[in-house]
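In what follows, every chain begins at residue 1, and chains take the letters A, B, ... in the order their sequences are listed.
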Amino acid sequence: MSMKLEFNPIDYDYFDFEGRNYAKIIGRDNNGKRVCIIDSCEVYFWAILKEGLNQKEIEKLQKKIEDIQLDVKGRKTKVEKTEVHNKKFLGKDVKAIKIFATNYKDMHDIAGELGMPEIEKRRGYDIGFISHYIIEKKLNPLQWYEIDGEVLNNSLEFGGIDSVLEVDSCIKVDSIKKLEKQNLSPKILAFDIEADELKIGEGEILMISLVSENFKKVLTWKKHKDLPNVEYVKDEAELIEKFVHYVKKISPDFLTGYFTDGFDIPYLKARAEKYKIKLSLGLDGSQPKFSRGITTTARIDGIVHIDLFRFIETAYSQYMSSETLSLNEVSHEFLGESKKEHEHRHSSKINGDEWTSYFEYNLQDSVLAYKIFEKIWPDLLEFTRIMQEPVFDVSRNGMSTNVEDYIIHNLQKFNEIPEKRPTYDEIGERRGRGKYEGAFVLEPKAGLYENLAIFDFTSSYGSVIVTYNLSKSTFLEEPEKDSYSTEVAGKKVYFSKKPGFFPKMLEEVIEKRRQYKEELKNKPDAIKKARSNAFKLLANASYGYLGFFGARYYCEEAAAATASFARQAVKEAIEKTNKAGFGVIYADTDGFAFSLNEKTKKQTEDFLKKLNSELPGIMELELEEFYKRGIWVTTRTGEFGAKKKYALVNESGKLKIRGFETVRRDWCALARNTQSRILKMILEDGNETKSFEYIKKIVKEVKERKVNLKEMTIKTQLKKPISEYKSITPHVVAAKRMIEREIPMDIGVVIEYYISETKEKKKLVREKVKLADEKGEYDIEYYLKHQILPAVENIFQVFGIDINAVLETKKQKTLGDF
DNA sequence: GAAGTGGATATACC
DNA sequence: ACTGGTATATCCACTTC
């Protein structure tokens with residue numbers, strides 16, 4: 001029976017049947033029914049031919065290739081057919097033989113047989129089947145299509161695949177047509193587990209919460225009184241079974257949670273194995289599959305599992321103010337909501353109504369996950385549509401992979417054959433190379449300044465790459481006379497003026513970003529914001545991609561040239577700004593701050609227009625903002641103006657603080673808050689009078705032990721296994737103590753400790769470390785001399801005040817003097 | 001054993 | 001291993017006198 005339907009592909013998978021590859025794609029139709037479509041496509045790779053072969057030689061070669069037959073791991077395979085095409089490879093015209101295989105897994109082996117001297121390069125055999133399918137059939141994820149096809153009804157075609165699949169219909173595709181429709185409201189189910197031990201599978205799972213549209217539930221075997229939303233089961237095994245039951249019943253498109261790749265799903269799997277229960281969450285009844293090296297990734301057939309943490313890490317973290325990406329902090333920043341208060345204790349020590357609040361805590365985590373998913377959905381949707389890879393992968397990929405996906409899916413427009421991934425040896429060679437020169441940072445003169453403005457290059461490095469046509473394919477080994485050139489490490493490098501595909505793609509990215517940003521300004525909505533943001537991130541990551549050792553289109557010369565051209569651009573702009581009578585104070589990478597020097601805002605804006613009219617290509621400066629005041633300080637030694645450290649206040653009184661201890665999480669709250677209060681007072685008043693009194697008060701409070709121990713906590717992240725530390729710093733000592741006390745701890749954890757008063761005089765800071773929850777008193781001398789005063793002394797130095805002398809702290813070396 | 005210096009480490013900026 | 005380089009600051013580890 002043939003049928004036609006509107007279809008939105010959500011989850012992509014593939015299978016082999018009779019030696020061929022088939023895509024198995026799960027999605028929704030326009031009535032919200034779950035549909036599986038099965039489709040195939042031709043799989044092929046390219047043999048790029050040496051120049052100057054004649055027709056006869058090519059035909060002979062084609063024959064030779066077509067005769068290739070292989071027996072790979074018991075699977076007999078052959079080349080299906082070949083075609084000769086005029087293609088481009090790295091921008092150059094090439095003749096290439098398109099080699100069609102039966103199964104994409106054989107392409108590597110067939111490529112291995114192509115040692116013929118007429119073949120220059122083999123390419124395109126290292127692209128996964130799903131990517132290949134999406135490129136060939138243009139069935140992009142999360143877009144609407146009209147599908148024409150045959151309904152499979154318990155048919156034996158494909159080995160009866162449809163009969164085990166829990167979908168409303170299963171269709172073998174005949175044709176695909178793109179539709180303009182955009183909206184998609186998927187069904188989401190958020191979940192969260194609570195267990196006694198944090199090590200995977202080592203403790204019992206006590207409860208699982210589930211949240212979906214109009215659905216809230218806590219499943220638990222810890223019997224307590226009747227409560228709304230709480231359902232009791234007899235034991236842990238039944239808990240797991242009930243969980244599977246509800247996932248199947250709700251049957252969401254997306255199963256989501258926080259840290260679920262690394263914690264919840266592996267934990268469930270481990271506990272299910274203990275009871276010999278199948279965790280059959282997949283639509284085909286299969287269990288979650290774990291893959292990928294360092295960070296485990298849990299895949300469920302037909303249901304897209306999204307670990308919110310993974311996506312937030314790549315898509316948002318650099319713009320977030322949260323110091324950790326914990327569910328609590330992220331919820332706070334995204335939703336203005338928090339986790340429920342709960343003190344973690346072993347279940348054997350939990351009594352009575354404490355269980356009620358534990359259930360509520362568990363439920364709240366799922367509620368938060370559900371809401372965060374809703375919040376990030378526009379971004380996830382746009383990222384997926386732009387990168388054109390399945391949302392499961394896009395939600396987990398880093399920005400380098402996103403850039404590469406974008407390239408790979410846009411190569412066809414340029415008739416380009418894809419470059420291969422670097423080999424292990426190539427990666428080693430690339431990593432072995434030293435660093436190239438990067439950004440220019442202008443040393444500021446410490447001081448308090450009034451009436452400032454900041455100019456920034458929009459998508460700075462991206463616009464440099466586009467303007468000067470920088471990329472692997474445009475890099476010239478031999479200089480040409482009319483080319484772009486700059487100096488890198490004392491050597492000239494040249495780039496062709498013939499537009500390359502990488503700069504061209506990037507130009508489109510930047511143009512789209514500009515366009516969506518404009519539309520967003522006129523009529524804001526979440527999707528436009530997401531689009532604008534996705535393109536911004538893509539543009540920003542493109543430069544890093546050029547210098548990333550794992551990139552297919554790695555080109556160190558292009559990355560170094562980008563930085564070089566950007567340095568020139570910012571230096572030239574600074575020079576012109578100074579010449580025009582402004583006073584440039586500071587610059588970093590792609591922007592600079594300057595004093596208006598009695599000039600008006602209008603004059604400043606006019607000057608910006610003039611600057612812009614003189615810039616090459618798509619380079620563009622924009623006015624970031626006007627500021628009422630700004631402060632720059634010296635480095636600790638007092639010799640130089642400190643770079644990457646300043647504080648500004650705009651005309652509505654909003655502070656912008658960069659680099660100062662205030663924004664560093666490895667300083668105690670007291671030092672951070674004191675510094676930020678002082679910066680605020682100075683920037684608001686234009687003098688130090690008030691702050692001077694304030695610091696005296698704080699010092700007094702510290703000396704009189706009036707400060708809460710909480711304010712003294714220092715937080716430092718553990719970045720590697722304890723045994724690998726060559727230098728035993730305070731936070732390593734604290735981590736060791738946590739192990740002694742059996743407090744769960746691992747790489748990535750932010751260690752919290754304070755420096756305590758000790759009876760004997762200890763020389764090293766680490767000898768005075770106590771964990772944040774350990775009883776003790778803070779070391780007054782340490783906090784004054786190593787936290788509070790270092791955080792403020794350079795600020796007072798701007799006004800010629802030696803705060804140490806004023807407070808007489810430096811000469812006082814022992815407690816007795818206080 | 002104090003003082004000075006370089007290395008290891010963490011975090012921030014763009 | 002999962003974008004790049006530039007920069008500050010702390011504390012330890014080691015050397016020197």
Side-chain angles (χ1 to χ4, degrees), chain A residues 292-295 297 310 313-314 318-319 323 393 396-404 421-422 424 427-428 430-431 434-444 454 456-457 459-461 465 537-551 553-554 556 558-560 562-564 566-567 570 586-592 624 633-637 640-646 656-667 671 714-720 724-733 750-751 755 763-769 782 785-787 790-791 794:
Chain A
R292 292 200 196 191
I294 283 173
T295 33
T297 288
R310 302 279 298 267
E313 200 179 21
T314 45
Q318 67 174 126
Y319 302 107
E323 277 166 23
D393 301 288
R396 288 169 174 79
N397 287 339
M399 281 313 294
S400 70
T401 312
N402 284 334
V403 173
E404 195 151 287
R421 286 207 191 92
Y424 185 82
I427 289 177
R430 291 172 182 186
R431 297 188 67 200
K435 282 187 173 182
Y436 56 85
E437 189 182 347
F440 166 69
V441 187
L442 178 73
E443 187 199 320
I454 290 182
D456 270 335
F457 280 100
S459 297
S460 158
Y461 280 25
I465 292 170
L537 284 167
L538 204 53
N540 287 349
S542 294
Y543 154 72
Y545 175 82
L546 284 178
F548 170 48
F549 54 79
Y553 293 100
Y554 170 86
E556 202 211 47
T562 306
S564 165
R567 286 194 301 272
V570 90
Y586 175 64
D588 188 349
T589 313
D590 61 353
F592 54 96
E624 196 232 19
V633 298
T634 62
T635 57
R636 188 65 73 228
T637 55
F640 311 101
K643 298 169 175 180
K644 301 190 183 287
K645 219 172 175 185
Y646 59 89
K656 176 175 172 162
I657 300 178
R658 293 290 119 100
F660 274 109
E661 284 74 5
T662 299
V663 297
R664 294 181 62 97
R665 70 166 176 206
D666 54 349
W667 282 70
I714 297 166
K715 300 175 185 175
T716 313
Q717 193 181 26
L718 198 69
K719 298 257 217 184
K720 54 187 177 188
E724 280 176 29
Y725 279 91
K726 285 181 197 155
S727 176
I728 309 304
T729 48
H731 84 293
V732 176
V733 170
V750 177
I751 312 279
I755 304 307
K763 229 179 86 187
L764 295 174
V765 179
R766 67 168 175 224
E767 292 171 311
K768 299 189 272 192
V769 164
Y782 174 82
K785 281 171 62 180
H786 296 270
Q787 291 278 326
N794 298 315

Nearest 0.5 angstrom please: A/Tyr545 OH to A/Leu538 CG, how far? 11.5 Å
Looking at A/Tyr725 and A/Lys720, what are the two nearest heavy atoms and their distance? CE1-O, 3.3 Å
Nearest to the side chain of A/Arg665, heavy atoms from C-beta on, is which of B/dC14, B/dA12, C/dA1? B/dA12
Within the structure shown, what part of the strands sits under 4.0 Å from A/Gly544 by heavy-atom distance: base, sugar-phosphate, or nothing? base
When we call it a touch if two heavy atoms are under 4.0 Å apart, what does A/Thr401 touch: a base, just sugar-phosphate, or nothing? nothing
Measuring from the side chain of A/Phe548 (C-beta onward, heavy atoms only), which nucleotide among B/dC13, C/dT3, B/dT11 has the closest atom? C/dT3
Specify the separation, in whole Å, of atom CG of A/Leu537 and atom C1' of C/dG4. 15 Å
Taking only side-chain N and O atoms of A/Ser400, does any of them lie within less than 4.0 angstrom of OP1 or OP2 on C/dT3? yes
Indicate yes or no: at least one non-hydrogen side-chain atom of A/Trp667 is less than 4.5 angstrom from one of A/Thr662. no
According to a strict under-4.0 Å criterion, is A/His731 in side-chain N/O contact with OP1 or OP2 of B/dA10? yes
Is A/Phe440 touching bases, backbone alone, or none of the nucleic acid, heavy atoms closer than 4.0 Å? nothing
Using the P atom in both, what is the distance from B/dA10 to C/dC2, to the nearest Å? 15 Å
Test your reading of the model: is there a side-chain donor-acceptor pair from A/Arg766 to the backbone of A/Ile728, 3.5 Å cut-off? yes
How many whole angstroms separate atom OH of A/Tyr586 from atom P of C/dA7? 9 Å
Gap between atoms CD1 and P, on A/Ile465 and C/dG4 respectively (whole Å): 14 Å
Length of the CD-C1' vector between A/Glu404 and C/dT3, whole Å: 11 Å
Report yes or no: is the cationic atom of A/Arg567 (NZ for Lys, CZ for Arg) closer than 6.0 Å to the six-membered ring centre of A/Phe440, at no more than 45° off its axis? no
Does A/Ala559 reach a base, just sugar-phosphate, or nothing at all? Heavy atoms under 4.0 Å. nothing
Classify the nucleic acid contact of A/Gly659 as base, sugar-phosphate or nothing, counting any heavy atom under 4.0 Å across all strands shown. sugar-phosphate
Nearest whole Å is fine: how far is B/dT9 P from A/Leu718 CG? 11 Å
Under 4.0 Å protein heavy-atom contacts per nucleotide of nucleotides 8-17 of chain C, with B for base, S for backbone only and - for none: SSSSSS----
Rounded distance (Å) that lies between atom C1' of C/dG4 and atom CZ of A/Arg431: 14 Å
Side-chain N or O of A/Tyr725 less than 4.0 angstrom from OP1 or OP2 on B/dG7? no
Side-chain N or O of A/Tyr646 versus OP1/OP2 of B/dC14: is the shortest distance under 4.0 Å? yes
From NZ of A/Lys435 across to C1' of C/dG4 the rounded distance in Å is 9 Å
Measure from CD on A/Glu624 to C1' on B/dC14 and round the result to the nearest Å. 12 Å
Any donor-acceptor pair under 3.5 Å from A/Arg430 side chain to A/Glu556 backbone: no
Check: A/Glu661 and A/Lys645 side chains under 4.5 Å, non-hydrogen atoms: yes
Using a cut-off of 4.0 Å on non-hydrogen atoms, how would the nucleic acid contact of A/Tyr436 be classed: base, sugar-phosphate, or nothing? sugar-phosphate
From CA spacing to verdict: salt bridge (Lys or Arg N to Asp or Glu O under 4.0 Å), A/Asp588, A/Lys644: CA-CA 8 Å; A/Asp588 188 349; A/Lys644 301 190 183 287; 2.6 Å; yes
